[in-house]
**Student:** 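One structure, pasted below without further comment.
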Amino acid sequence: MFKKVLIANRGEIAVRVIRTLREMGIKSVAVFSDIDRKSLHVNLADEAYPLGGKTSAESYLVMEKIIDVAKKCGAEAIHPGYGFLSENVKFAKMCEDNDIVFIGPPPEAISSMGDKVTARRIMEKAGVPIIPGLEKEGLSEEEALDFAKKVGFPVMIKASAGGGGKGMRKVNNEKDFAKFFRQAKSEALSSFGDDRVYIEKFLEEPRHIEIQILGDKHGNVIYLGERECSVQRRHQKVIEESPSPFIDEEMRRKMGETAVKAAKAVGYFNAGTVEFLVDKYKNFYFLEMNTRLQVEHPVTEWVTGIDLVEYMIKVAAGEKLDLKQEDIVLKGHAIECRIYAEDPDKNFMPSPGKIERLITPSGPGVRDDSGVFEGAEVSLYYDPMISKLTVFHRNREMAIKRMLRALDEYIVAGIKTNIDFHKRVLTHPAFVEGRYDTTFIDNNIDSLLEKDVKNEDVAVIAALIEYYSKGNKKVKRATCTSSRWKDYAKNCWTI
Amino acid sequence: MFKKVLIANRGEIAVRVIRTLREMGIKSVAVFSDIDRKSLHVNLADEAYPLGGKTSAESYLVMEKIIDVAKKCGAEAIHPGYGFLSENVKFAKMCEDNDIVFIGPPPEAISSMGDKVTARRIMEKAGVPIIPGLEKEGLSEEEALDFAKKVGFPVMIKASAGGGGKGMRKVNNEKDFAKFFRQAKSEALSSFGDDRVYIEKFLEEPRHIEIQILGDKHGNVIYLGERECSVQRRHQKVIEESPSPFIDEEMRRKMGETAVKAAKAVGYFNAGTVEFLVDKYKNFYFLEMNTRLQVEHPVTEWVTGIDLVEYMIKVAAGEKLDLKQEDIVLKGHAIECRIYAEDPDKNFMPSPGKIERLITPSGPGVRDDSGVFEGAEVSLYYDPMISKLTVFHRNREMAIKRMLRALDEYIVAGIKTNIDFHKRVLTHPAFVEGRYDTTFIDNNIDSLLEKDVKNEDVAVIAALIEYYSKGNKKVKRATCTSSRWKDYAKNCWTI
Amino acid sequence: MEVSVKLNKKEFDANIEKKDKGFKVSFEGKEFFADFEKLSGKDGNLIVNGKSYHVIFTDNSVYVNGVHFDVETIDPLKKELLKSTALEKDEGAVITSMPGNVKRVLVKEGDEVEVSQPVVVLEAMKMENELEAPKSGVVKKVNVKENFPVEANTVLIEIE
Amino acid sequence: MEVSVKLNKKEFDANIEKKDKGFKVSFEGKEFFADFEKLSGKDGNLIVNGKSYHVIFTDNSVYVNGVHFDVETIDPLKKELLKSTALEKDEGAVITSMPGNVKRVLVKEGDEVEVSQPVVVLEAMKMENELEAPKSGVVKKVNVKENFPVEANTVLIEIE
C-alpha cells in the first residue's frame with residue numbers, strides 16, 4: 001500500500017480524502033493556492049505545499065507544479081478528487097510518465113468516457129440506449145440550431161469535455177439559442193480548457209439517476225446501487241438520495257448491469273458513475289460517465305456501508321476487489337443536501353465572505369462533509385459548495401425528517417446559504433411523495449421561495465433584539481429579511 | 001402519538017432525546033437547574049423551564065417540580081434519559097398518577113429489576129446463572145467481610161439500588177474492606193438516596209457484555225445484539241463496542257434469548273439492557289438489568305440501523321413493535337469512546353471549567369453526541385461526561401482506525417479530557433487484538449499513561465511558540481505537559 | 001419602553017419593561033415574558049413564554065434559530081449616503097451585488113442597448129452570470145475591464 | 001534570535017531568524033523552515049518543513065494538533081508567589097487540585113494522622129475522591145467545612 005498520497009484538490013473533497021487516508025495509515029499531502037493558505041484541507045493534512053496563484057488556472061490546474069510537489073515530497077500516488085484534473089487525460093498520463101499512480105481509471109477510459117461525444121458512440125455500439133443528438137467536430141451554431149429545430153425545443157447544449165453541470169445549457173426556444181450556445185462554449189473553455197460542445201434532444205419529465213460502479217485492475221466490476229439526482233438547478237445537483245424512490249429492484253439490476261457493461265467496454269477500473277436520464281415510462285438513456293469520485297458519493301456509502309475512497313485507493317494500489325456483487329445490499333435510505341454559499345432570494349447569487357459563526361449538526365445518522373470552519377473566508381475564486389450534509393435513516397420518510405432536523409441545527413452566519421431553501425424542498429409535497437424530475441425546482445421556484453410572516457413570537461423577538469440593541473453599539477434597528485420568516489414559522493421549532 | 005414530551009434530564013442525553021423528538025414531529029420540553037440555564041439542551045429544545053437549584057438533589061431529582069412543569073406546559077409524556085429519575089419507581093408511579101406517560105418500563109419491572117438484590121433472586125428462579133453473593137436487608141460490614149473471607153478476595157460491593165458504576169467498589173484485600181464498604185454505602189446514598197449494598201464474588205478475567213432488548217406493551221420482546229463494555233475504570237465504562245470481539249453467533253443467540261427471558265419474567269416493555277459478566281470459559285452470569293436507555297446505545301444503533309429512542313417513544317405510546325427478531329441483523333462494527341472532562345495524568349481527576357475551544361470530528365462513519373459547545377462551562381455539579389464519540393466501519397479493524405482518526409480531529413481546549421488516553425487504549429495490542437477484560441485498564445495503566453518526548457518537530461514548534469509569544473502578552477514560556485508528547489509523536493500526524 | 005420594529009417592511013410597536021430577571025413584552029394586546037442569557041461569543045439564548053430560541057449576533061445581522069435578520073448599522077446616515085451614491089442615484093446603473101471577476105464586457109461607450117440586454121458577464125465561484133441593462137438607452141460609461149475583479153455593489157456600466 | 005524552551009523539564013535552545021515569509025529555526029544542527037498563519041480567533045496553522053500543524057492558543061495553554069502544552073503566565077514572580085504560599089510552603093498541606101464539594105472531613109484539629117490516611121472526602125462530578133495525608137503528624141488546621149464548595153488549589157488541611 002502507498003505510504004504517502006497527494007490530493008490535487010481543495011475544499012471538502014480534499015478533507016474527505018485526507019480522512020480516509022488517515023484511517024488507512026497513509027500520509028496525506030495537501031497543495032494550496034495563495035488564497036487557500038488558511039483553508040481546512042491544509043490544516044488537516046499531514047503535509048502541505050504551496051502552488052502559488054489565485055485562480056484555479058494558476059494553481060490547482062497547473063499539472064507540472066502538482067507533479068513537482070509529489071516528486072519532491074515523495075508521494076507515490078495522487079488523488080484528484082472531482083473537478084480540476086480529475087478527468088484530465090493529459091494529467092493521468094503525466095502521472096504515469098513520472099511513476100506516480102493516478103488514483104483513477106486508465107487514461108484510455110478517461111479519454112473515451114471523458115469526451116462525451118466519444119462516450120455516446122461507445123455506448124451506442126454497446127447497445128445502450130442514447131438520447132438523439134448531434135455531435136461532430138467543429139459543430140457550428142448554425143448546425144446546432146438546425147438540429148434543434150428538427151428535433152424540436154427544448155434541447156440541451158453540453159460541453160464535450162464536461163461534467164458537473166459546467167458548460168451546459170437547456171434552451172427552450174430559438175430566441176435564446178445563440179446566447180446559450182455561446183455561454184456553454186465559453187464556460188466549457190474556462191472549466192475544461194476545451195470549448196467543444198454537442199447538442200441533444202431534451203427528454204420530457206426526465207429523472208437523473210446514476211449508478212455507482214467500482215472496478216479493479218483485474219477486470220472485476222460491480223455496481224453499488226443508484227443515486228437519484230433529479231433535484232437540480234441550472235444543471236447543478238442540489239439534493240441526492242439513494243435508493244431512488246422511482247425505481248425498483250428489477251430496474252436497479254438492469255441499470256446496474258448496463259453500467260457494468262459500459263465500464264467493461266472501456267477496460268474501466270476505479271470508482272465511477274454512469275449517469276442515466278430516465279423518462280416517465282422508466283426508459284433509461286445513457287447520459288454520461290464520470291470517471292472519478294462523485295460529489296454525492298456519501299449517500300452510496302451510507303446505504304452500502306462501503307468507503308468508496310478507501311476502495312479507490314486500494315484498487316489504484318493494485319488490490320483485487322474483496323467485494324462481490326452479491327455482497328452489495330442496500331440498507332435504509334440516505335439523503336444529501338449540498339450546502340452552497342449562495343442567496344436563493346437573490347436568484348441564487350454566489351455569496352462569498354467570512355463565515356462568522358458555524359454550527360454543524362450531529363447526533364444519530366448525520367454526516368457533515370465540510371470544507372470550511374468558523375472564521376473561514378469563502379473565496380469567490382472557487383466553487384460555492386461549502387459542505388455536504390448527509391443523513392441516514394431506516395426509510396425515506398424518516399430520512400427526510402432527520403434531514404430537516406439536521407438542517408434546523410445547521411447554522412451558518414456571515415454569508416448566505418441555501419439551508420432554508422433545502423427545508424422548503426424537503427417539505428414540498430412533490431419531494432415528500434417522490435414525484436419529481438429534473439424540472440422540479442424550476443417549475444416550483446415560486447412556492448420554494450415563498451415569503452410570509454406568521455408567528456407572533458417572532459415579532460416579540462424582533463422587539464427584544466431592538467431593545468437589547470440599544471446597549472449594543474453595533475446593532476441599531478432590526479428588519480428581517482423578507483423571505484425567511486415563513487420558514488421560520490414553519491420549520492424552526494415554533495409551530 | 002404524543003405532541004409534546006418533557007425530558008427529565010440534562011447534557012448529552014437530553015440533546016439526544018430532543019433530536020429524535022424533533023424527527024418525530026414531537027415538541028421537546030427541557031428542564032434546567034440554575035447552573036444549566038446556558039446549557040445546550042435548553043438551547044436546542046422547543047421549550048425550556050427552570051427547576052431552580054444547583055445540585056441534582058435540588059433540581060433534576062425533585063419529582064414534584066418536574067411533574068408540575070409537565071402538567072403546566074401540557075407534556076403528555078416524560079423521557080427520563082439515564083441516571084437521575086430513570087430507574088426511580090416512585091417517579092414512574094407519580095407520572096402514572098398524574099396521567100403522564102413515563103417513557104420506560106412498568107413500575108413493577110423497575111422495582112424488581114432496579115433493586116439488584118430482587119433482580120438476582122428473579123434471575124435465579126428463572127434459571128439464569130448468577131454470581132455467588134450475599135444479599136440481605138441490613139447487611140453489616142462484619143457479615144459482608146465474613147462472606148468475602150469465605151469466598152476469597154477480590155469481591156465486589158455493589159449498591160442495591162445502583163447502576164452505572166456508582167456505589168460500587170472492588171475490594172482486593174481485607175485491609176481495604178472497611179474503607180471501600182463505607183465509600184460504596186455513602187456513594188449509593190448520595191447517588192440513589194438508598195445506602196443498601198450487597199456483596200459478590202469477583203470473577204477472574206471477567207468481560208462485561210450486555211444485551212440490548214426492546215419490548216412493547218403487547219408482550220413482544222426482541223434482542224438487538226450485544227455490546228462489549230469491558231474497557232472500564234473504577235467500574236465506569238470508557239469504551240464500548242458492538243459486536244463483541246469475544247462472542248460468536250451461537251453465544252449471541254444464547255445470551256439474547258436469556259435476556260428476552262429475563263425481560264419477559266418481569267413483564268418488561270421499553271428499551272432495556274441485560275448486563276452479563278462473561279468469564280474466560282465463555283460462561284455468562286447475570287449482572288444486572290438496566291431498565292432505561294443506556295449511555296452506550298449508539299453502538300447498537302449503528303450496527304442495527306435502529307433508532308432506540310424512537311422505539312422507546314413509540315412503545316410508550318402503545319404502538320406494537322414493527323420489528324421481528326429476524327429483522328435484526330448486525331452489520332459492520334461500531335465503537336464508542338466516552339469523552340470525559342478529566343485528567344488521566346492526575347489520576348483521572350475531574351476537570352470542570354470553561355471549554356475555550358471545541359472542534360468535533362465529522363466525515364464518514366462518525367457520530368458525536370455532545371452535551372456541550374464552545375464557550376460552555378463544564379460544571380462540577382454533574383457528571384464529567386461531556387460527549388460520546390461513536391464510529392462505524394465495515395469491520396472492527398477499520399472501526400478502530402476510524403476512531404483514531406476521529407479522536408485526532410477532536411480538540412477540546414480549556415479543560416482536560418481523556419481523548420489522548422483513548423488513543424492509547426485503542427492502539428494497545430490487547431485492545432487491538434480484542435483480548436481484554438474488565439481489568440484491562442487497571443492492569444495496563446502504566447503503559448496507558450506512558451510519557452516520552454521523541455519528535456524533533458515538536459521542539460521546533462515549542463521554540464516557535466516561545467518566539468511568537470514575545471509578541472503575545474498572555475503567553476510567556478512554554479513547557480509541555482509531560483505525558484502528552486509521546487502520543488503526540490505517536491498519533492498526531494508527525495510520524 | 002416603547003419599541004418599534006420593522007418586520008417584513010411592516011412596522012409595529014411593542015412595549016418592553018424589566019420584570020424579575022427578564023422582560024415583559026406587550027404586543028398586540030398579548031403579554032410575553034422573556035429571559036435572555038448570553039451563552040458565549042456571539043451566541044445567546046432567549047426563552048419567551050417558555051419557548052427557547054438560539055440567538056446569534058454578528059456584526060450586522062441577527063440569527064434566530066439559524067434564521068437570518070438584517071440589522072441596520074449604527075450610523076443610518078452613512079448607510080443612506082452609500083445607497084444614494086451607488087444604488088439609488090442612477091436607474092441606469094448596472095450594479096453587481098456580488099464580488100466577482102469581469103469575464104466579458106459586451107458593450108462599449110456610446111452603444112445603444114435595450115432593456116434586459118446582457119451587457120456584462122461576471123464570473124464568481126466558477127459560474128458565469130449575465131448582468132442585463134436595467135433600462136433601454138445609450139451606454140454612457142463603462143467602468144470595468146475584462147479579466148479584472150470587482151467588489152460587490154460596484155457600478156459597472158452606466159446607461160442613460 | 002536565541003530562544004530556550006522547556007520541554008518535559010529538559011531545557012534546550014534554538015535559533016530563530018526571519019526568512020522570506022516565514023522563519024528559519026536551527027536546532028541540534030538541523031534547519032527547519034516554518035510558516036505560521038493565523039486562521040481565526042484562537043486558531044493558527046504552522047507549516048514546518050512541509051508538515052502541517054493546527055495550533056490553538058488559549059489564555060494559558062497552547063494546543064498543537066489537539067495536544068496540550070502548559071504555558072507559564074506573563075508574571076513569573078506572581079506565579080512563584082502563588083506556589084510558595086500554597087503548594088511549596090508546607091509539605092503537610094492537603095491541597096485539592098480540583099474544585100469540588102467537601103463531602104466529609106475525617107479528622108479534626110489536634111488529631112494524629114499517618115501518612116496516606118484519608119482525611120477529606122471531596123465530591124466533584126458525582127464521584128467521591130479521598131484526599132490523603134501527605135505525611136504523618138498532627139492536624140494543625142482544618143480550613144474547610146462539610147458540604148461547602150472549594151476552589152482548586154485550596155489548602156484544606158494542614159498537618160505538622
Side-chain angles (χ1 to χ4, degrees), chain A residues 55-56 166 179 183 186-187 190-191 234 341-342 346 349-352 356-357 359 379-384 408-414 416 419-420 451 453 456-469 472-482 484-485 487-488 492-494, chain C residues 1 3-10 12 14 16 23 25 27-28 30 32 34 36 41-43 46 48-49 51-76 97-101 103-104 118 121 123-130 149:
Chain A
T55 63
S56 309
K166 302 278 159 61
K179 173 172 133 187
Q183 277 184 11
S186 159
E187 224 174 80
S190 71
S191 297
R234 263 178 89 167
E342 65 182 17
K346 291 188 180 159
M349 193 172 63
S351 176
E356 296 193 46
R357 187 80 182 87
I359 299 174
S379 152
L380 61 93
Y381 286 98
Y382 312 112
D383 197 271
D408 270 352
E409 290 181 22
Y410 215 131
I411 301 182
V412 183
K416 300 289 173 65
I419 290 174
D420 284 346
K451 302 145 209 275
V453 182
E456 59 184 9
D457 281 4
V458 160
V460 173
I461 293 166
L464 279 164
I465 288 165
E466 172 74 1
Y467 178 88
Y468 291 135
S469 69
N472 182 347
K473 289 255 155 54
K474 281 181 180 160
V475 177
K476 205 67 195 200
R477 168 176 280 278
T479 52
C480 85
T481 50
S482 46
R484 308 293 178 98
W485 287 104
D487 315 304
Y488 183 71
C492 290
W493 329 347
T494 59
Chain C
M1 196 187 102
V3 170
S4 28
V5 188
K6 233 183 186 171
L7 202 58
N8 235 8
K9 289 173 186 163
K10 202 185 91 186
F12 68 89
I16 302 183
F23 301 92
V25 184
F27 162 64
E28 291 182 359
K30 291 194 189 106
F32 298 83
F36 179 77
K42 305 177 169 73
D43 293 35
L46 187 60
V48 182
N49 282 5
K51 287 183 184 164
S52 174
Y53 300 93
H54 183 180
V55 186
I56 295 174
F57 296 87
T58 66
D59 274 0
N60 45 24
S61 289
V62 176
Y63 294 78
V64 181
N65 287 345
V67 178
H68 174 261
F69 288 65
D70 275 330
V71 179
E72 284 182 29
T73 49
I74 180 172
D75 191 350
S97 44
M98 66 177 168
N101 209 52
K103 189 85 187 175
R104 279 192 304 284
V121 179
E123 191 190 55
M125 292 172 148
K126 311 309 291 169
M127 298 297 280
E128 292 191 4
N129 299 274
E130 270 183 1

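Keep in mind that the numbers below use all heavy atoms, side chains included, and drop hydrogens, waters and symmetry copies. Chain naming here is simple, since letters A, B, ... match the order of the sequence lines and numbering starts at 1 in each.
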**Student:** In Å, rounded to the nearest 0.5 Å, how long is the span from CD of A:Q183 to CZ of C:R104?
**Tutor:** 7.5 Å
**Student:** With A:K346, which residues qualify under salt bridge (Lys or Arg N to Asp or Glu O under 4.0 Å), at least two apart?
**Tutor:** none
**Student:** NZ of C:K103 to OG of A:S186: how many Å apart, nearest 0.5 Å?
**Tutor:** 5.5 Å
**Student:** Quick one, A:T55 and C:N101 - any side-chain contact, counting heavy atoms below 4.5 Å?
**Tutor:** no
**Student:** Would you name the heavy atoms of A:G414 and C:Y63 that are closest together and state the gap between them?
**Tutor:** N-OH, 2.9 Å
**Student:** Would you check if the side chain of A:Y410 reaches a backbone N or O of C:G66 as a donor-acceptor pair within less than 3.5 Å?
**Tutor:** no
**Student:** I'd like to check the salt bridge (Lys or Arg N to Asp or Glu O under 4.0 Å) partners of A:R234; sequence neighbours left out, ordered by chain and number.
**Tutor:** none
**Student:** Counting only non-hydrogen atoms closer than 4.5 Å, does A:I359 touch chain C with its backbone (N, CA, C, O), its side chain (CB onward), both, or neither?
**Tutor:** side chain
**Student:** Quick check: closest heavy atoms across C:K42 and A:E356, and the distance to 0.1 Å?
**Tutor:** NZ-O, 3.5 Å
